[in-house]
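To keep things clear, I will list the structure first and then write my remarks on it.
The shown structure was predicted, so the numbers you read here are calculated from the model rather than taken from an experiment. As a basis for the values below, the full set of heavy atoms in this structure was taken, side chains included, without hydrogen atoms, waters or symmetry mates.
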Amino acid sequence: MDSLTPHPLVAEPVVVRRSRPWVSAAMVLLGIALVALLAWWLAHRAKNNAAADAAGGGGGAGGPPGGSSGGPHRPPSVVALAQVVEGEVPVIRTALGTVTPLATVTVKPQVSGQLVGIDFAEGQHVTQGQLLARIDPRPFQLVIDQTRAALARDEAILANAQVDMQRYATLLKQDSIAQQQVATQQATVRQSAAVVASDRATLGSAQLNLTYSRISAPVSGQVGLRTVDVGNYVSVGQASGIVTLTQTAPIDVAFTLPEDQIPAVQARMRRGAALPVAIFDRARTRPLAQGRLLTLDNQVDVTTGTLKAKARFANADGALIPNQFVNVDLTVDTLTGVALAPGAAFRHGSQGDYAYVVTPDRVAHVRVVKLGPSSGDQVAVLAGLRAGEQVVTEGGDRLTDGAKVMLPGDRPHGGGGRRHRGGGGG
């Protein structure tokens with residue numbers, strides 16, 4: 001065997017390299033330095049943010065009533081104030097309403113015949129009894145003439161029977177005729193009288209039909225579009241009629257009220273008060289009419305919990321149109337001698353509505369209030385404020401209870417304003 005070939009049973013020697021100890025130590029020291037640098041940077045950043053917040057007045061929401069003032073180092077916040085005044089404000093209930101005419105009549109013919117005349121213009125305002133249309137009167141006049149002739153004949157027969165009855169009565173007294181003949185003549189007289197009465201009733205009916213050939217307005221109002229033209233044959237049973245007539249002056253508006261508002265309205269109505277109602281268009285941008293509450297329905301709708309109400313309007317200018325949707329403002333009452341303040345002065349917190357009241361020494365205090373109805377920008381304050389007090393209307397989001405405030409025209413404490421960088425007074 002060659003001496004250079006390793007013996008299969010003898011392993012090769014293993015060379016073990018030992019690591020340098022200074023490299024591991026350097027890695028540990030570098031990691032510690034990085035952690036320390038990061039901790040210093042975070043602490044320095046938090047300190048700078050706190051200093052910036054202190055210099056900026058400690059911005060943020062005012063918080064709920066009763067919060068702390070945030071420390072004496074906070075500079076006063078600039079706010080706008082408004083004075084609480086004493087006045088009156090109406091209690092108004094709003095609703096959606098529908099204009100409903102006092103009467104809607106479909107004018108239909110009461111006799112059948114050919115339409116020979118239309119005596120109205122579409123959309124015209126007509127008065128009660130005004131002629132609207134005419135049906136050919138000749139057939140009805142002929143019936144009248146015929147009935148009058150029959151009546152004259154039957155009246156002559158009745159007169160002759162009455163004369164015979166008087167003669168028979170004289171002969172009966174003389175005992176010249178039998179009693180039965182007299183009784184028969186009496187029956188003949190009554191029969192002739194009944195025929196005459198029937199003729200007179202027929203004549204009255206014929207005269208009434210002649211009157212019906214002239215179609216008049218049953219009520220005053222505005223006519224719509226006609227549904228039939230001259231020359232057509234109209235009959236009593238046709239459904240469309242000739243025209244639809246609506247009574248629009250005066251006119252009503254129907255609306256609903258929630259059942260929890262009904263007692264206040266009923267109390268005012270029982271005292272005889274006339275509750276005013278104002279009507280606006282669908283966008284509430286244009287007033288349409290002023291009226292008064294007319295009546296309330298007699299039962300609450302169980303599906304909606306509301307009660308129907310009706311208001312009446314003169315509508316002399318025709319601004320309200322039947323079936324028109326409108327906005328209704330019902331003035332239930334008027335509160336007098338209450339404190340009024342702008343709506344911007346009030347906020348809502350955990351304890352309810354509140355406002356910041358500023359004292360003469362420019363300190364803002366939280367005041368919990370009870371709000372009532374509003375009129376425009378003014379809100380009635382039922383409790384919590386008095387007339388003459390000053391409330392914050394702008395800048396209240398930066399306030400807390402007991403915070404110092406100043407007005408836009410006030411000079412800040414400590415002399416002049418902010419200094420310019422780089423020396424030089426401004």
Side-chain angles (χ1 to χ4, degrees), residues 102-120 124-221 223 226-247:
L102 267 67
T104 301
V105 182
T106 300
V107 180
K108 297 181 179 181
Q110 294 179 276
V111 292
S112 300
Q114 185 180 18
L115 193 65
V116 296
I118 296 291
D119 297 282
F120 66 90
Q124 176 185 353
H125 286 272
V126 298
T127 58
Q128 185 177 7
Q130 181 175 338
L131 181 63
L132 299 180
R134 288 170 285 118
I135 297 175
D136 187 2
R138 292 175 297 177
F140 310 104
Q141 184 62 51
L142 291 176
V143 173
I144 291 176
D145 296 341
Q146 182 180 1
T147 306
R148 283 177 176 170
L151 175 61
R153 179 197 60 198
D154 295 333
E155 286 179 341
I157 294 175
L158 173 61
N160 184 51
Q162 290 174 341
V163 170
D164 290 342
M165 181 61 201
Q166 292 177 355
R167 186 170 59 254
Y168 289 168
T170 303
L171 295 175
L172 180 62
K173 292 178 181 179
Q174 298 174 358
D175 199 18
S176 300
I177 59 176
Q179 179 67 34
Q180 182 179 0
Q181 190 175 359
V182 175
T184 301
Q185 188 61 30
Q186 289 177 345
T188 302
V189 170
R190 289 194 297 268
Q191 182 179 2
S192 299
V195 173
V196 170
S198 177
D199 291 342
R200 288 174 178 171
T202 303
L203 178 60
S205 177
Q207 290 173 337
L208 185 60
N209 289 336
L210 180 62
T211 303
Y212 286 157
S213 67
R214 296 173 59 86
I215 303 174
S216 303
V219 294
S220 299
V223 295
R226 70 172 185 265
T227 59
V228 65
D229 297 325
V230 174
N232 287 280
Y233 186 85
V234 294
S235 58
V236 178
Q238 67 180 46
S240 59
I242 296 176
V243 72
T244 299
L245 176 62
T246 56
Q247 189 172 357

**Request:** Might you confirm whether atom CD of Gln130 has over 12 heavy atoms from other residues, nucleotides or ligands at distances under 6.0 Å?
**Result:** yes
**Request:** Would you check if Leu158 and Val189 make a side-chain contact, meaning some heavy-atom pair closer than 4.5 Å?
**Result:** yes
**Message:** With heavy-atom distances below 4.5 Å as the criterion, would you say the side chains of Leu245 and Val126 are in contact?
**Reply:** yes
**Item:** Nearest heavy atoms of Thr227 and Gly241, plus distance in Å
**Value:** OG1-O, 2.6 Å
**Request:** Compare all side-chain heavy atoms of Val228 with those of Ser240 and state whether any distance is below 4.5 angstrom.
**Result:** no
**Item:** Listed once per pair and sorted, the side chain to side chain donor-acceptor pair (under 3.5 Å) pairs that draw on residues 180-194, sequence neighbours left out
**Value:** none
**Request:** Could you walk me through whether Glu155 and Arg200 pass the side chain to side chain contact (heavy atoms under 4.5 Å, CB included) test, one step at a time?
**Result:** CA-CA 10 Å; Glu155 286 179 341; Arg200 288 174 178 171; 3.1 Å; yes
**Message:** Show, in sequence, the C-alpha distance, side-chain angles and deciding distance for Phe140 and Val143, and conclude whether the side chain to side chain contact (heavy atoms under 4.5 Å, CB included) test is met.
**Reply:** CA-CA 5 Å; Phe140 310 104; Val143 173; 5.6 Å; no
**Message:** Tell me if the CZ atom of Arg138 is crowded by more than 12 foreign heavy atoms within 6.0 Å.
**Reply:** no
**Request:** Mind listing the closest non-hydrogen atom pair of Gln238 and Tyr233 along with its distance?
**Result:** OE1-O, 4.4 Å
**Non-hydrogen atoms of Leu131 and Arg214 that approach each other most closely** = CD2-NH2, 3.3 Å
**Request:** Without swapping roles, check the side chain of Ser235 against the backbone of Ser112 for a donor-acceptor pair under 3.5 Å.
**Result:** no
**Request:** Check step by step if side chain to side chain contact (heavy atoms under 4.5 Å, CB included) holds for His125 and Val223.
**Result:** CA-CA 6 Å; His125 286 272; Val223 295; over 6 Å; no
**Request:** With the side chain counted from C-beta on, respond yes when Thr170 and Arg167 share a heavy-atom pair under 4.5 Å apart, and no when they do not.
**Result:** no
**Prompt:** In Å and rounded to the nearest 0.5 Å, what is the CG to OG distance from Leu102 to Ser220?
**Reply:** 11.5 Å
**Prompt:** Which atoms form the tightest heavy-atom contact between Ile135 and Val111, and what is the distance?
**Reply:** CD1-O, 3.5 Å
**Request:** Please report the closest heavy-atom contact between Ala150 and Asp199, naming both atoms and the distance.
**Result:** O-OD2, 3.2 Å
**Fill in**
Residues Leu115 and Arg134: closest non-hydrogen pair is CD1-O, 3.3 Å
**Request:** Flag the pair Val196 / Leu151 as yes when at least one side-chain heavy-atom distance between them is below 4.5 Å, and no otherwise.
**Result:** yes
**Asked** Out of curiosity, Ile242 CD1 to Lys108 NZ, how far, rounded to the nearest 0.5 Å?
**Response** 11.0 Å
**Request:** Nearest 0.5 Å please: distance from the CG atom of Leu203 over to the CG atom of Leu208.
**Result:** 11.5 Å
**Message:** If you apply the rule side chain to side chain contact (heavy atoms under 4.5 Å, CB included), what do you find for Ile144 with Leu210, and how did you get there?
**Reply:** CA-CA 8 Å; Ile144 291 176; Leu210 180 62; 3.6 Å; yes
**Short side-chain to backbone donor-acceptor contact, Thr202 and Ser198, under 3.5 Å** = yes
**Message:** Could you tell me if the side chain of Gln114 sits less than 4.5 Å from the side chain of Val234, heavy atoms only?
**Reply:** no
**Message:** With a 4.5 Å cut-off on side-chain heavy atoms, are Leu132 and Val107 touching?
**Reply:** yes
